[in-house]
Amino acid sequence: MEGADNIIIMPLLNLNEENVLEQYVDMILKVVLSQATHLYFDQPYEPDPEERGYYWASRYTNLRKVFGFMPDDVYANADAKISGEPYPENEMCNDFACEQLEKPENIVGMQGSVFSETVRTKEDFHYMVYPRILALAERAWHKASWEQDSEHDLDEKSRNEDYARFVQFLDQNEFARLNYDNILFRMSPPAARFSSGKVETGCEFSSFAIQYRKEEYEIWNEVECGEPINTEGKSSTFELRTIDRKTQRFSRSVTLFVNSAQTNIVSLLITIICTTITCVLVV
């Protein structure tokens, strides 16, 4: 590559370190951006103790977060603190100097990173990298029309619609390729909640199904994603997981306590990204 000696991989540990980025970008150096809060794949997919990964850079880094990253305006990606407390761009810029880049053209690429001190197996590596790396590739190869920069505000509606198309494409096309190459990509656990006497369900990817069983049974039952589960009017603890019928691979399990004496109770400790919105099912 011409001028390769002047290219530096720039890891940013926090969004408020963009002033460090500015020092490099505004020099003659060409920068490949590696943002810890959005592009470090050793961070967990969800803020759940059952998820692999460290929490030092981000509370979570799911597929939706990687897809929505805007490299031309790093501060615009501010969303929340490690504690989960909302932390929007305007508040962060009150706490830190948000200086704009004078030579943004010196950012020549993006890089996803995974540090492997806790990655012991091929399965662990595949889980942490796929499918997040596909969202990184989507962001890196072109600038989306919805992205915020110095001249345009973020179009959140268009970003949600674009993400829905991306998720559908993965579901209908790319997962088959990954399966063919024996890539053991992460499968998100299902979303579920108890409402009006039934367990309502949802999946990140609609081609998968949901298996469930009550804690006192060993046999798994199966429903389509989005299909409700009849509780038969009894209180019980349900165990649920997502399954790919083609490969018989399944996600980690999650539990939901159903109290038949009450309605509209949500007790599933899980955050899952749906096609266009974030479904936070937490009591």
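This is a predicted model, so every value here is computed, not measured. In this chain, numbering begins with 1 at the start of the sequence shown.
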Cationic tip of Arg241 above Tyr212 ring, under 6.0 Å, 45° of axis:
no
Please give me the minimum heavy-atom distance between Trp56 and Ala36, naming the atom from each residue.
CH2-CB, 4.1 Å
If you count the non-hydrogen atoms of other residues, nucleotides and ligands that lie under 6.0 Å from NZ in Lys81, is the total more than 12?
yes
Report the residues that fulfil side-chain hydrogen bond (donor to acceptor under 3.5 Å, both in side chains) with Lys157, sequence neighbours left out, ordered by chain and then residue number.
Glu161
With a 6.0 Å cut-off (strictly less than), is the heavy-atom count around CZ of Arg177, excluding the residue itself, greater than 12?
no
Please tell me whether Ile243 and Tyr127 are part of a single hydrophobic cluster in this structure, the criterion being side-chain heavy atoms less than 4.5 Å apart.
no
Residue among His38, Gln35, Lys65 satisfying side chain to side chain donor-acceptor pair (under 3.5 Å) with Ser58
Lys65
Pairs under 3.5 angstrom only: tabulate donor-acceptor contacts from the side chains of residues 217-229 to other protein residues two or more places apart or in another chain.
unit_1	atom_1	unit_2	atom_2	d
Glu222	OE1	Gln211	NE2	3.2
Glu222	OE2	Arg245	NE	2.7
Glu222	OE2	Arg245	NH2	3.1
Glu224	OE1	Arg245	NH1	3.3
Glu224	OE2	Arg245	NH1	2.9
Glu224	OE2	Arg245	NH2	3.1
Glu227	OE1	Glu224	N	3.0

Give a yes or no answer on whether the side chain of Asp181 reaches the backbone of Ile183 with a donor-acceptor pair at less than 3.5 Å.
no
Count the heavy atoms belonging to other residues, nucleotides or ligands that lie under 6.0 Å from NZ of Lys198, then report whether that count exceeds 12.
no
Closest non-hydrogen atom pair between Val66 and Leu136, with its separation
CG1-N, 3.6 Å
Using only heavy-atom distances, determine whether the side chains of Tyr60 and Asp48 contain a donor-acceptor pair under 3.5 Å.
no
Below 4.5 Å, heavy atoms only, C-beta onward: do Arg213 and Phe238 meet side chain to side chain?
no
Determine, for Arg159 against Asp162, whether the closest basic-nitrogen to carboxylate-oxygen distance falls under 4.0 angstrom.
no
Under a 4.5 Å cut-off applied to non-hydrogen side-chain atoms, are Lys214 and Glu232 in contact?
yes
Would Phe250 and Leu170 show up in the same hydrophobic cluster when neighbours are defined by side-chain heavy atoms closer than 4.5 Å?
no
Evaluate the side-chain proximity of Leu154 to Trp146: yes if any heavy-atom separation is below 4.5 Å, no if none is.
yes
Same hydrophobic cluster for Val74 and Ile82, using side-chain heavy-atom links shorter than 4.5 Å among ILVMFWY?
no
When you check the side-chain N and O atoms of Arg186 and Ser188, is any donor under 3.5 Å from an acceptor?
yes
Are the side chain of Arg139 and the backbone of Ala135 linked by a donor-acceptor contact shorter than 3.5 Å?
no
Any Phe115 side-chain heavy atom under 4.5 Å of Tyr54 side chain
no
Do Ile210 and Leu240 touch side chain to side chain, with heavy atoms closer than 4.5 Å?
yes
Please tell me if the side chains of Phe175 and Phe185 come closer than 4.5 Å, counting only heavy atoms from C-beta onward.
yes
For the hydrophobic clusters of this structure (ILVMFWY residues joined by side-chain heavy atoms under 4.5 Å, transitively), does one cluster hold both Phe169 and Val167?
no
Report yes if some heavy atom in the side chain of Glu46 is under 4.5 Å from a heavy atom in the side chain of Asn62; otherwise report no.
yes
Taking side chain as C-beta onward, heavy atoms only, is Pro190 less than 4.5 Å from Thr201?
no
Can a donor-acceptor pair be found between the side chains of Arg64 and Asn160 at a distance below 3.5 Å?
yes
Side chains of Gln148 and Asp153: do they bring a donor and an acceptor to under 3.5 Å?
no
How close do His126 and Leu184 get, heavy atom to heavy atom, and via which atoms?
ND1-N, 3.1 Å
Pairing residues for Asp124 by the salt bridge (charged side-chain N to carboxylate O under 4.0 Å, His left out) criterion, not counting sequence neighbours:
Arg52
Only one of Glu50, Glu239, Glu51 passes salt bridge (Lys or Arg N to Asp or Glu O under 4.0 Å) with Arg252; say which it is.
Glu51
